[in-house]
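Note that this is a predicted model, so its numbers are computed, not measured. Just so you know, residue 1 is the first one in the sequence shown, and it goes up from there.
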Amino acid sequence: MELPEECWESIFSFLEHHRYFEPLSLVCKRFLSITNHLRRSLTITDPTLESLPHLLLRFPNLTTIAFRDFHGNLDSVLSLISQSGLPLTSLDVSCHKCFPLLGLKCLASKIRILTELNCSNIGSLKDSDLIEIGNCFPSLEAVDISYPDHGCGFSPNGSLDSKSFSGLVTDYGILGLASSLRRLRKIDLSGNTFITDQALVSLSSNCMFLTEIGIRDCDFITQNGIALAIRKTGNLKSIFMNGIGIPSIDVCFLDSFSYARSLCELDLSNSFISDELLCLVAEANLPLNKLVLSRCFCFTFDGIYFLLSKYQFLAYLDLEGANFLNDESIIELAKFFGNLTFINLSLCSKLTNSTLFNLMGNCPLLTIINMERTNLGVEAFPAEIVVNPRVKSLHLGWNNNLNDECMKMASYVCPNLEVLDVTYCSGITEEGILEVLKSCVQIRCLEISRCQGVNNLELDFELPKLEVLQAEGLAINDEALASIGKRCGRLSRLNLEGCLNVTARGVEGVIVNCKALKEMNLRWCNNVSVDIVAWMVLSRPSLRKITLPCGSVPTANQRNFFLRHGCLVCQG
């Protein structure tokens with residue numbers, strides 16, 4: 001008896017990402033129809049443009065659309081989307097030269113249920129645009145207008161000219177936005193350097209449901225303004241800021257944490273904080289589960305010890321650059337790490353193998369460990385080694401002393417490892433990498449760029465789940481590349497930048513065997529002829545982006561040909 005469609009939908013919904021729908025859609029027309037209706041997100045790039053009308057019809061339940069590497073007319077594409085009747089709730093138009101005002105107005109005339117809008121890193125964003133956003137999409141709950149690329153001009157005497165100032169985001173624009181968005185829950189204002197405390201007053205006064213505020217690199221927002229926002233925003237759960245404590249920490253800022261009864265996430269990156277501040281945060285008895293003190297100064301072991309002793313339920317801890325930490329101090333702090341799932345100890349130069357393996361042994365829930373630019377590879381391993389099947393990601397780049405022995409031990413301790421980044425670890429050879437790959441069959445992302453000790457990487461075993469391989473600057477040859485193609489059937493992204501021994505023959509081996517390949521970077525692979533690119537695009541329809549060897553410049557006709565086949569070809 002055939003299963004009802006609802007059952008198949010429930011089964012397919014367990015898949016982690018819509019990229020896994022593709023092989024299912026090839027099985028039969030019924031599966032194609034089911035996966036089409038289950039698809040919820042779409043990323044639009046230059047190669048997507050020609051087939052976009054068909055895609056909007058094919059996936060009728062899209063709720064999220066994002067633009068990436070898109071250089072076309074945003075206004076016209078948004079106008080097209082507005083006619084689709086999609087139940088769109090999230091839109092990302094970040095990193096574009098111009099704010100698509102006309103397109104958003106057109107979209108708003110048909111789709112007013114948008115709840116998330118990302119306009120970060122966008123050009124020419126100004127107050128009037130923010131007012132229009134509020135008028136067009138009054139149901140917005142999350143807005144990102146961080147780091148606008150306004151290209152300010154300055155007069156010869158160094159002052160901001162009036163024409164440039166009129167094109168900036170100021171308190172007036174934030175007031176207009178806040179007045180319209182009564183349901184706003186999250187907003188990122190980071191990088192808007194001309195807003196002041198008044199912007200926070202407008203938000204806290206008008207947006208009663210506000211739970212998250214981002215104000216990194218907002219030069220005219222003071223500690224007094226932040227303190228006022230914390231006091232007045234009763235539902236505030238997350239705040240991220242930087243540059244606190246220059247020249248000193250104000251009393252009003254210190255006292256504000258006693259009012260932050262709902263605060264779960266606190267980010268004070270790049271600040272001059274003190275043990276006094278950490279103690280006040282500790283005594284505030286907050287429901288804190290995420291703490292970021294990345295590259296902070298002026299606090300000591302005593303301050304962080306006291307704070308962590310009060311917040312033993314933390315799940316996320318970032319202490320990047322806390323150079324006073326050593327192996328012994330981490331052993332002391334690890335008593336409070338029982339609920340940690342993420343830790344970042346990068347740039348803590350006194351930490352060695354002892355810290356890495358003690359963390360894995362003493363933190364049963366830990367899944368992600370960042371220890372880049374530390375002193376890994378130095379000191380012996382702990383006497384007791386404990387296997388931790390929960391660890392999924394190790395980011396250990398720029399550790400020159402890291403060696404094969406450490407890699408072999410890591411593969412034993414982390415049998416379910418999925419992501420390994422050992423970029424610029426010159427002490428590792430192919431022996432250590434191959435040991436990890438043999439032991440950790442769940443690996444899906446391997447980053448070994450600029451590992452000078454890795455001279456080749458020939459595989460004689462299957463890597464059924466590897467999807468991303470970053471192998472920039474390695475001495476791998478065509479034979480090794482061909483073996484990667486044969487053994488890594490799921491490979492979707494391959495970075496070979498600067499692999500000087502690779503020729504067209506090795507590339508052919510990957511193209512023929514890797515049926516899911518979407519991106520390939522051949523920059524500085526000057527032994528690969530540009531003549532092979534057309535064959536690559538035609539032979540592997542899944543390809544979406546190819547970066548050419550340096551000096552290879554496709555003609556306009558060639559670019560159009562590649563785009564018609566859904567592939568963006570970039571000059572190296």
Query raised in the report: If you look at every heavy atom in Cys218 and Ser190, which pair is closest and at what distance?
Result: SG-CA, 4.0 Å

Query raised in the report: Does Arg564 reach the main-chain N or O of Gly566 with its side chain, forming a donor-acceptor pair under 3.5 Å?
Result: no

Query raised in the report: Can you check whether Gln558 reaches Val530 side chain to side chain, under 4.5 Å on heavy atoms?
Result: no

**Report entry** salt_bridge(Arg493, Glu467) N-O dist < 4.0 Å
**Finding:** no

**Report entry** Side-chain touch Asn455/Thr429, heavy atoms, less than 4.5 angstrom
**Finding:** no

Query raised in the report: Any donor and acceptor pair, going by atom type alone, linking the side chain of Asp149 with main-chain N or O of Cys95 inside 3.5 Å?
Result: no

Query - Short side-chain to backbone donor-acceptor contact, Ser492 and Ala516, under 3.5 Å - result: no

Query raised in the report: Of the options Lys486, Arg490, Arg487, which is the one that meets Glu462 in a salt bridge (charged side-chain N to carboxylate O under 4.0 Å, His left out)?
Result: Arg487

Query raised in the report: Judged by atom type as modelled, is there a donor-acceptor pair below 3.5 Å linking the side chain of Ser271 to the main-chain atoms of Gly243?
Result: yes

Query raised in the report: So do the side chains of Leu434 and Leu459 get within less than 4.5 Å of each other, counting heavy atoms only?
Result: yes

Report task. Compute whether any side-chain donor of one residue and acceptor of the other, for Asn344 and Asp318, lie under 3.5 angstrom apart. Result -> yes

Report task. Might you point out which heavy atoms bring Phe562 and Val533 nearest each other, and give the distance in Å? Result -> CZ-CG1, 3.6 Å

Query raised in the report: side-chain contact (heavy atoms from CB on, under 4.5 Å) between Met241 and Leu266: does it pass, once the steps are laid out?
Result: CA-CA 8 Å; Met241 62 193 108; Leu266 176 62; 4.2 Å; yes

**Report entry** Audit row: Asn416, Gln442, side-chain hydrogen bond (donor to acceptor under 3.5 Å, both in side chains) steps and yes/no
**Finding:** CA-CA 6 Å; Asn416 294 326; Gln442 304 295 325; 5.2 Å; no

Report summary line: Of all heavy-atom pairs linking Thr367 and Arg390, the shortest is CG2-O, 3.4 Å

Query - Ile476 vs Asn456 side-chain heavy atoms within contact, under 4.5 Å - result: yes

Requested in this report: Could you tell me the separation between the CG atom of Asn526 and the OG1 atom of Thr503, rounded to the nearest 0.5 Å?
Outcome: 12.5 Å

Query raised in the report: Side chains of Asn242 and Asp217: is there a donor and an acceptor less than 3.5 Å apart?
Result: yes

Query - pair Leu469-Cys488: side-chain heavy atoms closer than 4.5 Å - result: no

Query raised in the report: Once the angle between the rings of Phe67 and His96 is folded into 0 to 90°, is it parallel (under 30°), tilted (30 to 60°) or perpendicular (over 60°)?
Result: perpendicular

Query - Minimum-distance pair of heavy atoms, taken over all atoms of Cys98 and Ser124 - result: CA-OG, 3.8 Å

Query raised in the report: side chain to side chain contact (heavy atoms under 4.5 Å, CB included) with Met536: which of Leu543, Leu517, Val569?
Result: Leu543

Report task. To the nearest 0.5 angstrom, please state how far the CG atom of Leu491 sits from the CE atom of Met520. Result -> 8.0 Å

**Report entry** Residue Phe324 excluded, over 12 heavy atoms near CZ under 6.0 Å
**Finding:** yes

Requested in this report: Tell me, with the steps shown, if Phe240 and Glu265 meet side-chain contact (heavy atoms from CB on, under 4.5 Å).
Outcome: CA-CA 8 Å; Phe240 42 98; Glu265 300 180 359; over 6 Å; no

Query raised in the report: Do the side-chain N and O atoms of Thr555 and Asn557 include a donor-acceptor pair separated by under 3.5 angstrom?
Result: no

Report summary line: For Leu500 and Asn527, the nearest pair of non-hydrogen atoms, with its separation, is O-ND2, 2.6 Å

Query raised in the report: Only one of Asn358, Leu351, Val378 forms a side chain to side chain contact (heavy atoms under 4.5 Å, CB included) with Asp327, so which one is it?
Result: Leu351

Query raised in the report: Leu446 and side chain to side chain contact (heavy atoms under 4.5 Å, CB included): which partner among Val468, Leu437, Val436, Leu463?
Result: Leu437

Report task. Decide if atom NZ of Lys465 counts as having more than 12 heavy atoms of other residues, nucleotides or ligands within a radius under 6.0 Å. Result -> no

Requested in this report: Ignoring hydrogens and angles, tell me if any N or O in the side chain of Asn192 forms a donor-acceptor pair with the backbone of Pro148 under 3.5 Å.
Outcome: no

Query - Sidechain N-carboxylate O distance under 4.0 Å for Arg540, Glu508 - result: no

Query raised in the report: Between Ser346 and Asn370, does any side-chain donor sit less than 3.5 Å from a side-chain acceptor?
Result: no

Requested in this report: Kindly determine whether Asn477 and Asn501 satisfy side-chain hydrogen bond (donor to acceptor under 3.5 Å, both in side chains), including the steps that lead there.
Outcome: CA-CA 5 Å; Asn477 56 27; Asn501 296 330; over 6 Å; no

Query raised in the report: Would you say the side-chain atoms of Asn375 pair up with the backbone N or O of Thr352, donor to acceptor, closer than 3.5 Å?
Result: no

**Report entry** Asn121 side-chain N/O to Ser94 backbone N/O, donor-acceptor pair under 3.5 Å
**Finding:** no

Report task. Would you give the length of the straight line joining atom CG of Leu474 to atom OG of Ser449, rounded to the nearest 0.5 angstrom? Result -> 6.5 Å

Query raised in the report: So does Glu519 pair up with Lys545, basic N to acidic O under 4.0 Å?
Result: no

Query raised in the report: Is there a side-chain contact between Pro47 and Cys567, using heavy atoms and a 4.5 Å cut-off?
Result: no

**Report entry** CG-CZ distance between Leu359 and Phe337, expressed to the nearest 0.5 angstrom
**Finding:** 6.5 Å

Query raised in the report: Where the side chain of Asn388 meets the backbone of Met360, is there a donor-acceptor pair that is under 3.5 Å apart?
Result: yes

Query - Side-chain donor or acceptor of Ser329 paired with backbone N/O of Leu325 under 3.5 Å - result: no

Query raised in the report: Should Ile65 and Ile81 count as side-chain neighbours, where that means a heavy-atom distance under 4.5 Å?
Result: yes

Query raised in the report: Thr89: what forms a side chain to side chain donor-acceptor pair (under 3.5 Å) with it, not counting sequence neighbours?
Result: none

Query raised in the report: Are the side chains of Arg505 and Glu479 in touch, meaning some heavy atoms are under 4.5 Å apart?
Result: yes

Query - Side-chain donor-acceptor pair present, Ser483, Asp460, cut-off under 3.5 Å - result: no

Query raised in the report: Got a sec, which residues hit salt bridge (charged side-chain N to carboxylate O under 4.0 Å, His left out) with Glu497, two or more places apart in sequence or on another chain?
Result: Arg523

Report task. Rounded to the nearest 0.5 Å, what's the gap from OG on Ser393 to CG on Leu420? Could you check? Result -> 9.5 Å

Query raised in the report: Hey, mind stepping through Ile443 and Leu417 against side-chain contact (heavy atoms from CB on, under 4.5 Å) and telling me if it holds?
Result: CA-CA 6 Å; Ile443 284 277; Leu417 197 64; 4.2 Å; yes

Query raised in the report: Okay, side chain of Asn73, backbone of Asp75: is any donor-acceptor separation there less than 3.5 Å?
Result: yes

Report task. For Asn353 and Cys406, work out which heavy atoms get closest and say how close. Result -> OD1-SG, 3.6 Å

Requested in this report: Assess whether side-chain contact (heavy atoms from CB on, under 4.5 Å) is satisfied between Ile532 and Ile511, documenting all intermediate values.
Outcome: CA-CA 11 Å; Ile532 195 178; Ile511 294 296; over 6 Å; no

Query raised in the report: So does Lys290 pair up with Asp267, basic N to acidic O under 4.0 Å?
Result: no

Query raised in the report: Would you call the rings of Tyr316 and Phe342 parallel, tilted or perpendicular if under 30° counts as parallel and over 60° as perpendicular?
Result: parallel

